[in-house]
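First up is the structure itself, then whatever we jot down about it.
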Amino acid sequence: MATITIPGKTRKSITVELVGEEYKVRPPKAAVAIFLSQALKDSGDDAEKLIEGLSKWCRVLFGKETGAEVIQRLKNPADDLDIPDLTDLLTAVMEDASENPTT
């Protein structure tokens, strides 16, 4: 019987500048990204579900503590970080991680 080896792809951290702050993010594996993306799609016009979905993405990308800080920036009226900035980040990180545009 033949042995088949699938080595997988090592995920590496990416340095990103998010509205004036520099962060290290680690792209999630594709399986996790699918579930996280579905949570955002399911939020529809529900602002609470949208923030919940973005919070999950932030925890995965930035880690628990830094992810919470990014969400606090999002809620801070004096901070220029906004939802479109986070969605642009998600798209860019996933495109970089997959080396293909996301659909």
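Computed from a predicted structure; not experimentally measured. Residue numbers start at 1 and run along the sequence shown.
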If you look only at distance, which donor and acceptor atoms sit under 3.5 Å apart when one is on a side chain in residues 51-64 and the other is two or more places apart or in another chain?
residue : atom : partner : partner atom : Å
S55     : OG   : I51     : O            : 2.8
W57     : NE1  : L36     : O            : 3.4

Under 3.5 Å, which donor-acceptor pairs link side chains of residues 18-29 to any protein atom two or more places apart or in another chain?
residue : atom : partner : partner atom : Å
Y23     : OH   : R73     : NH1          : 3.1
K24     : NZ   : T15     : OG1          : 2.9

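Not counting sequence neighbours, D45 has no partner by the side chain to side chain contact (heavy atoms under 4.5 Å, CB included) test. Under the side-chain hydrogen bond (donor to acceptor under 3.5 Å, both in side chains) criterion, D42 pairs with Q38, sequence neighbours left out.
A single hydrophobic cluster is seen to contain both V32 and I14, as judged by linkage of ILVMFWY side chains at heavy-atom distances under 4.5 Å, directly or through other members.
A donor-acceptor pair under 3.5 Å is absent between the side-chain atoms of D82 and the main chain of P84, judged by distance alone.
Connectivity analysis of hydrophobic side chains (ILVMFWY, heavy atoms under 4.5 Å, direct or indirect) links I6 to I4.
To the nearest 0.5 Å, atom CG of residue D85 and atom OG1 of residue T87 are 7.5 Å apart. To the nearest 0.5 angstrom, Q72 atom CD is 13.0 Å from T66 atom OG1. Between I83 atom CD1 and L40 atom CG the span is 10.0 Å, to the nearest 0.5 Å.
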